[in-house]
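Before any comments, here is the structure.
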Amino acid sequence: MTPEEELQSNVSVASSSPTSNCISRSTAAGGLKEHNYLGLSDCSSVGSSTLSGLAEDDKATISLKATELTLGLPGSQSPPRDTELNLLSPAKLDEKPFFPLLPTKDEICSSSQKNIASGNKRGFSDTMDQFSEAKSSVYTEKNWMFPEAAATQSVVKKEVTQSVPKGQSSTTNNSSSPPAAKAQIVGWPPVRSYRKNTLATACKNSDEVDGRPGSGALFVKVSMDGAPYLRKVDLRSYTNYGELSSALEKMFTTFTLGQCGANGATGKDMLSETKLKDLLNGKDYVLTYEDKDGDWMLVGDVPWEMFIDVCKKLKIMKGSDAIGLAAAPRAMEKSKMRA
Amino acid sequence: MNYFPDEVTEHVFDFVTSHKDRNAISLVCKSWYKIERYSRQRVFIGNCYAINPERLLRRFPCLKSLTLKGKPHFADFNLVPHEWGGFVQPWIEALARSRVGLEELRLKRMVVTDESLELLSRSFPNFKSLVLVSCEGFTTDGLASIAANCRHIRDLDLQENEIDDHRGQWLSCFPDTCTSLVTLNFACLEGETNLVALERLVARSPNLKSLKLNRAVPLDALARLMACAPQIVDLGVGSYENDRESEPYLKLEAAIKKCTSLRSLSGFLEAAPHCLSAFHPICHNLTSLNLSYAAEIHSSHLIKLIQHCNKLQRLWILDSIGDKGLAVVASTCKELQELRVFPSDLVGGGNTAVTEDGLVAISAGCTKLHSILYFCQQMTNAALITVAKNCPNFIRFRLCILEPNKPDHVTSGPLDEGFGAIVRACKSLRRLSLSGLLTDQVFHYIGKYAHELEMLSIAFAGDTDKGMLYVLDGCKKMRKLEIRDSPFGDTALLADVNKYETMRSLWMSSCEVTLGGCKRIAQIAPWLNVEIINENNNNRMEENGHEGRQEVDKLYLYRTVVGTRTDAPPFVWIL
């Protein structure tokens, strides 16, 4: 099966129920309202056109990618880049259509915005295309339209990944199980995030919860200098620093390229053009975290498992602000003290 | 009207405590308005932006207790960005300046800072009671201020807040002279707890009735705590992982037997399954049981516990209890008034723990049931019709079918008739949450029959604007309407703008209202704050000439007497 076919089949299976409902409803209403709450649509050919060209596009965009906002994890060169490409196999593509998600009926289905649909479907891969093709602001906006917190986004991600083979969080299989589609809706089911977090932490300690040890969520706040609001991510939905890094990049580039991309309206941007350039140069931001002792450390120094155990908050700091922050030796020292 | 001296009238008013009644009293005549406002001690403000502290204090200079709510309800589900607003600081500053004799502050969905808590603790010498529900923005340092400075503190009740736990010594900040505690609830704290300080505090608090521990309080500590507080009425257990034969466990068993006043049990945040049996001896006294965080306890243990709880009035549980477990509840808990069944598997991986059968069983067995929140995988019209027949006394009916748009799983049709039966039968229904596949028809029923409905939550429902119009038109007592992902647009929104003056608020997200429509409302109704929450791009909502067609992500509008708020973040656009 080619990636496109898989994608299409996933789309149709996953959205069968809501789509048919949509159709019956809109027929009943006598109007053409395509409410596709899952952000999936079979009216958009998704980027089947873009999919085929994906491999080449990826390569073409690597060099541009290298200049984008990166989180400068010590010892890693924005690692996912290459691995991402490898992972952009059918498996990866299958997952990415489900992420990010758009909760709503959306313009996804309206013809004028097919790009958006494709954007949503392709997730990270289309981000790469986005940069290279300098798409319209509308596209950009839609691409990042998850209401608020990455809590939901990451909940989604967690939900998606958990509905596929346990224990994996970045690669998925090709199953387009309806539960996976169902699990993507932002802010749904209507359960308080406090409850989600608490239950998840409880599950962590239990061996018998649905045979999925360690399947709980672990939400931490992520703030970024200059960003208008903070987000939340579920650390357990990633298995290594690379995944975390790329997820954060995706999340926070809305504040940068998302604004300059389009109308050219930079007047009221949170970040000035010069800052944007800094971002694009890629090395100006570092990812830091606050640990259980309240100290701010650079992300990436301790093993991943230890990191998610101690990380209380994340912050994307300007490189200049992060000078003097606990570097590797101290981090390891602390971890030894804990052991 | 005034046959009595004012003092007598005031004395009569003292017996009127409900906010609604007092509001009604104040409308009778000027004299009653005046008497009422000087005698009002407890004030409830459902939307902190509908009024400001200065006006509040001008009207009620003698207030002692203030309840404030901030963010809209859907903020619970991450639909509202953290920085949206709801800051308590200006309120506390104003109250402090006015030297009002504040004794109680109850906040829900507000942003509270350590600074606010510190100011609160220093400004009101008689301060007694702090209740924070779903708040955020503060740390245990703020709690330390309260502990240290509020000499007459009676209640410190923290429910489901996001608190930065600095693992400091806030518990040891209660001075040795503090012996007045009645309620201490810190279950939502994530960090370690100073057990010594906690035990000493409990030991010197003879009036302590409600104690809810966090997960850092282990079993042996619990045993000691219960031993020095046998008068406890409401207990939240923290961590509970010892063997049945271990000494702490045996001590706990002994202590529990002495707690003859215990009526309410909750917690079990980290619980080994078998430990519930220690509580069997007191189960027959329990009126409230919250096991909704006890994810590790198997349904068989839950059932064994519940079988002893024949006086239970309130039960919060996870759906892992299953339909069978609910049948046991139905046959045991004949006094049950409120039931909440939460989903244990949030991924929805097909784990059909409870179905419509469980709900029907409960409705048949628990005739006093008036409030229900039920998460399930599937539902049928037939079941809902039966439930309506069995329980015509529902005040709150919230059904959440986990998969949006899911139809009746037997007929594959919409669930309009089922919900219609509920609103038709339950004449006192005040709160309703819908889910599943629903057409405009269900709203037709709601508008026609739900005369008392005050709060309605709609998600993924309806076909056309008619749906929303039925509700706005028919539900005269509607106060809070929240809608997501439903095809309602400007026509419905603008049909009766004056209606919004009778309501507290309207939330619409991922619907079909346009920027043009929102601007129109803002124009017609200056007494409304029309807020657009736009998270992607601050510039997206610029006038570019196409706004008539530009759809709005999130609309939140609410009546206010104080105009536009000044603390909105950049991504909130107030029209």
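Numbers restart at 1 for each chain; the letters A, B, ... are given by sequence-line order, proteins then strands.
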>> Among F74(B), F375(B), F460(B), F77(B), exactly one meets ring pair (Phe, Tyr, Trp, His ring centres under 6.0 Å) together with W188(A). Which residue is that?
In response: F460(B)

> Measuring from E136(B):CD to Y194(A):OH, what's the distance to the nearest 0.5 Å?
Replying inline: 14.0 Å

>> Counting C-beta onward and ignoring hydrogens, is there a side-chain heavy-atom pair between T198(A) and E160(B) closer than 4.5 Å?
In response: no

> In terms of heavy-atom proximity below 4.5 Å to chain A, should D440(B) be classed as side chain, backbone, both, or neither?
Replying inline: neither

> What pair of heavy atoms forms the shortest contact from G187(A) to R484(B), and how long is it?
Replying inline: O-NH1, 3.1 Å

> I401(B) versus chain A, heavy atoms under 4.5 Å apart: side chain, backbone, both or neither?
Replying inline: backbone

> Is it the backbone or the side chain of K313(A) that comes under 4.5 Å from a heavy atom of chain B, or both, or neither?
Replying inline: side chain

> Could you give the distance from NZ (K312(A)) to CG (D164(B)), rounded to the nearest 0.5 Å?
Replying inline: 8.5 Å

>> Pair K221(A), E162(B) - check salt bridge (charged side-chain N to carboxylate O under 4.0 Å, His left out), show working.
In response: CA-CA 11 Å; K221(A) 292 187 180 175; E162(B) 278 188 31; 3.7 Å; yes

>> Between S292(B) and R195(A), do the side chains contain a donor N or O and an acceptor N or O under 3.5 Å apart?
In response: yes

